[in-house]
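Step one of this worksheet: look at the structure below.
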Amino acid sequence: MASRTTEPCSCDTFVALPPATVGSRVVFGKNSDRPSDEVQEIVYFPAASHKAGDKLECTYIEIEQAAKTYAVVLSRPSWIWGAEMGANEHGVCIGNEAVWGREEVCDNEALLGMDLLRLGLERADTAENALTVMVDLLEKYGQGGNCMESHMAFTYHNSFLIADRKEAWVLETSGKYWAAEKIEEGVRNISNQLSITTKIDREHPTMRDYAKSKGWWDGEKEFDFAAVYSYVNTARMTTSRGRYCEGYKLLNKHKGNITSETMMEILRDKESGINMEGGFMTTGSMVSILPQEPNLPCIHFFTGTPDPDRSVFKPFIFVPNITQLLKTSSPTFGHDDPVKKKPRFLTKPDRRHELYKQHESAAVVMETFKEKGKEMLEQIRKLEKEKISKMESILQKGCLDVNQAVNLFSECVEEEINTYCLRV
């Protein structure tokens with residue numbers, strides 16, 4: 001049996017809905033905290049139609065393909081099929097978290113939580129429909145398998161924050177059992193713990209019976225999902241120290257004035273632990289603006305590089321004929337990929353994409369030459385502010401140049417790389 005890692009604390013996902021935000025917008029954000037040497041890529045897949053009987057190869061298992069899949073943009077560890085976070089052409093955004101509890105985590109290879117996330121985006125046009133897709137697939141195929149590109153076993157259950165232009169849902173799982181909470185206003189965050197308590201808007205049909213059969217619930221007390229399925233003291237969740245609590249405080253500190261820049265600021269916060277450093281660190285970040293007015297475009301910002309405090313949030317808008325995101329896409333290895341061979345993970349190829357390499361070199365400069373590093377940081381932050389300002393103008397004027405949007409993300413990546421190349 002493979003060696004097992006300890007349970008790291010990693011990842012935070014946030015959502016703010018009116019009246020917590022400025023304007024009639026939903027703002028979504030996530031930090032993906034993963035092994036510090038893991039490359040996160042930003043990739044785009046167009047909408048597609050599929051033939052009856054088509055199969056789909058996910059990270060570890062093959063499943064039935066849907067008749068139609070929507071266009072998606074994903075931020076993902078470059079060795080997996082699924083994603084840590086992403087969005088689709090209908091303005092649905094999803095982020096996931098590793099969670100643990102009383103139920104044993106399955107070692108058997110099934111769908112990863114990250115696979116479920118991508119499947120939800122590809123197959124659903126609203127947040128609640130994505131939830132339905134994901135729990136149906138969870139019931140049919142289960143969740144399980146190593147979540148790290150290593151012979152060390154890193155396995156977990158999953159929680160998800162799913163948002164669209166109108167509402168958000170928290171979906172939390174324990175094996176095949178799950179509970180979901182609907183959020184229609186205000187703020188909500190998830191971290192590496194179950195957080196749904198007594199407000200349960202949807203649930204697995206036998207979730208309570210299973211808890212009773214295990215002796216976790218007596219059938220008399222008010223059912224508290226997090227307390228029953230894990231060891232969380234739900235009475236102290238928002239007051240005890242920890243990233244869930246810190247994220248809760250940061251959201252509420254800015255409640256009523258939250259913008260995309262506010263969300264970026266929260267994701268960059270190192271004191272709270274939200275922006276993680278160390279063996280597990282923030283390897284990619286995402287912020288999305290989902291206007292409630294259907295005529296306005298949703299705007300998604302991705303870093304594609306580690307440490308959001310030294311990265312650029314670059315905008316992406318869904319339009320027809322998107323240019324492929326070549327410089328944030330990692331090399332592929334086909335059937336020779338060590339992930340595809342058994343036993344898995346005997347070797348580890350170089351998965352760095354072009355932006356990652358340039359950012360890596362720039363990070364060395366920032367660490368070694370303080371003045372030069374400070375100047376470089378000022379330049380990339382200036383680039384980011386320019387892009388945010390242009391996106392805000394699009395939302396204010398309601399005018400989008402589709403031809404420019406086709407290359408929007410790729411051109412920003414080029415500008416970021418040029419900034420690094422000029423100064424390294």
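Position 1 is the first residue of the sequence, and the numbers go up from there. Quantities reported herein were computed from a predicted structural model and do not represent experimental measurements.
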Distance only, no hydrogens: is a donor on one side chain within 3.5 Å (strictly under) of an acceptor on the other, for [X] and [Y]?
X	Y	result
H204	E139	yes
S191	D12	yes
S230	Q193	no
S288	H300	yes
D164	T126	no
Q358	E354	yes
R202	T132	yes
S32	Q40	yes

Strictly by salt bridge (charged side-chain N to carboxylate O under 4.0 Å, His left out), give each pair with a member in residues 83-97 just once, sequence neighbours left out.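 Non-adjacent pairs meeting salt bridge (charged side-chain N to carboxylate O under 4.0 Å, His left out): K30-E84.
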Quick one: sort the [X] and [Y] rings into parallel, tilted or perpendicular, breaks at 30° and 60°.
X	Y	value
Y60	F345	perpendicular
Y44	F318	tilted
W100	F154	tilted

Which residues share a side-chain contact (heavy atoms from CB on, under 4.5 Å) with Y231, sequence neighbours left out: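 Applying side-chain contact (heavy atoms from CB on, under 4.5 Å) to Y231 gives R102.
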Residue among E41, E411, E414, E415 satisfying salt bridge (charged side-chain N to carboxylate O under 4.0 Å, His left out) with K327: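 The residue from E41, E411, E414, E415 that satisfies salt bridge (charged side-chain N to carboxylate O under 4.0 Å, His left out) with K327 turns out to be E414.
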Looking only at non-hydrogen atoms, find the nearest pair between T282 and I274 and report the distance.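 Looking at all heavy atoms of both residues, the shortest contact is OG1-O, 3.7 Å.
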Using every non-hydrogen atom in the two residues, find where F333 and P349 come nearest and quote the distance to one decimal.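 Heavy-atom minimum between the residues: CZ-CB, 3.6 Å.
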Give a yes or no on whether the backbone of [Y] and the side-chain of [X] come within a donor-acceptor separation of less than 3.5 Å.
X	Y	value
T303	T305	yes
N31	L267	yes
D33	C11	yes
T59	W81	yes

Answer yes or no for R118 and F45: cation-pi contact, defined as NZ/CZ to six-membered ring centre under 6.0 Å and angle to ring axis within 45°.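 So R118 does make the cation-pi contact.
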With the side chain counted from C-beta on, respond yes when P291 and R165 share a heavy-atom pair under 4.5 Å apart, and no when they do not.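 Answer yes - side chains close enough.
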Using the rule side chain to side chain contact (heavy atoms under 4.5 Å, CB included), only one of P77, P331, P306, S330 pairs with V39; which is it?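 Going through the options one by one, the only one that passes is S330.
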Show the numbers, then the answer: is there a side-chain contact (heavy atoms from CB on, under 4.5 Å) between I42 and V73? CA-CA 7 Å; I42 311 300; V73 60; 4.1 Å; yes
Could you check D269, D307, D309 and say which one makes a side-chain hydrogen bond (donor to acceptor under 3.5 Å, both in side chains) with N275?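 The single option meeting the side-chain hydrogen bond (donor to acceptor under 3.5 Å, both in side chains) with N275 is D307.
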